Amino acid sequence: MKYAILSAGLAILMQTVCSAASEIPPLLTCSDGTQVTTKEQWETKRRPELLELFRSQVYGRNLVERPDTLTFASDAPDEVMLDGKAIRKLVKISYKGPGGTGEIHLRAFIPKQEKPAAAFLLICNRPADKNLDVTRTIKSEFWPVERIIERGYAALAFWNGDVAPDKFNGFTNGLYQVFQPDVSKRTPESGGAISAWAWGASRVMDWIETEPLLDAKHVAVVGHSRGGKTALWCAAQDQRFAMGCSNDSGCTGAKLNRSSSPKSEHIAQITKGFRHWFCRNYDKYANNEDALPIDQHQLLALIAPRICCVGSASKDAWAGPASEFESCKLASPAWELYGLTGVSGYIFPLPNKSVSGGYVDYHLREGGHNLNEFDWNHYMDVADRFWK
Ligand code: GTR
């Protein structure tokens with residue numbers, strides 16, 4: 001009891017600190033001052049305007065959407081695995097451009113069942129050999145295939161490095177090289193790695209739409225940390241994903257940039273440490289957050305009216321849990337335009353609890369920066385609520 005009161009007090013204090021920084025751009029006021037009161041206005045005016053700002057100022061543009069050269073092939077014959085409970089498909093998604101070819105190697109475990117399966121697609125930012133073992137000899141909580149299959153969902157994953165390298169090397173390889181071999185043509189709006197990885201997840205969706213064993217209308221895109229930022233940017237743009245799950249995505253993910261929470265990451269640190277993740281325009285906002293015309297609650301809102309899950313971890317101060325929750329609250333009015341509920345009016349939960357029930361779902365796992373079975377089970381609980 002004592003702990004509950006203490007922890008609720010701490011949460012309120014954290015939220016006050018987090019929201020005290022400066023004025024957060026209003027979600028439903030357009031740049032010309034128009035107040036958005038209907039979902040039509042949201043869809044035709046405010047949503048496109050916000051998307052454009054995230055593209056030009058934060059994540060950058062990709063040169064192509066779905067390329068005409070996109071092809072799907074089998075990397076290996078399909079196999080029945082997991083004691084007959086799942087079919088494993090290994091798919092090679094290839095594309096060509098003026099600078100060469102690129103390939104995404106998708107791993108898919110699909111439950112053996114009569115009807116097409118809903119799916120969880122993980123954008124994996126950790127080493128593939130340790131986390132995406134297709135033989136299932138090495139198991140990792142980061143991608144708990146057996147558990148996902150048990151719960152009746154297909155488990156899909158690709159390694160982000162297939163699409164673009166996770167290091168700064170002047171954009172001379174990966175997706176950039178395929179579609180823009182001449183790096184001198186890059187502009188301050190050219191996309192960085194997060195845009196490239198999100199593009200990769202959309203190409204996986206292109207394949208999902210062709211696969212009769214999968215239900216393309218019920219697919220969640222999931223990512224942790226840099227992968228979580230990517231999952232949000234992907235779900236924001238690609239409305240074919242029915243659900244976006246951010247796990248500990250922090251700065252330039254679910255966390256507000258105008259959070260003053262002192263232990264969390266800010267634009268100055270992220271643009272210095274990870275220059276390749278964003279477009280060059282984003283550098284302008286280092287230690288200059290107030291000049292940024294948007295904030296991250298607006299990224300979450302771009303997922304409306306679909307399901308948006310944000311998960312934090314209690315000891316992950318760098319990702320700013322209280323600010324991630326605040327962001328969910330500030331995003332919720334976008335769902336309300338559709339007559340749906342988010343997390344407006346709720347308070348920050350205790351560790352291992354969630355604020356659940358609506359289309360915006362927030363959970364706080366006890367522990368540090370990680371994606372584990374607790375998080376996965378929570379995302380699947382949310383999916384069960386809507387899809388089962
Ligand atoms: C950190 C970075 C974060 C976060 C994380 C990760 O070092 O500062 O923004 O995304 O890496 O991806 O694990």
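Numbering of ligands and ligand atoms starts at 1, following listing order. None of these values were measured; they are calculated from a predicted model. We count residues from 1, following the sequence as given.
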Asp384 side chain to Tyr153 side chain, donor-acceptor N/O pair below 3.5 angstrom: yes

First-shell residues of ligand 1 [heavy atom, distance under 4.0 Å]: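 Ser225, Arg226, Lys229, Glu265, Ile270, Phe274, Trp277, Trp318, His369.
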
Taking [X] first and then [Y], would you say they form a salt bridge - that is, a charged N and a carboxylate O separated by under 4.0 Å?
X      : Y      : answer
Asp248 : Lys315 : no
Arg107 : Asp133 : no
Glu289 : Arg258 : no
Lys353 : Glu366 : no

Ring centers of Phe386, Tyr359 separated by less than 6.0 Å: yes

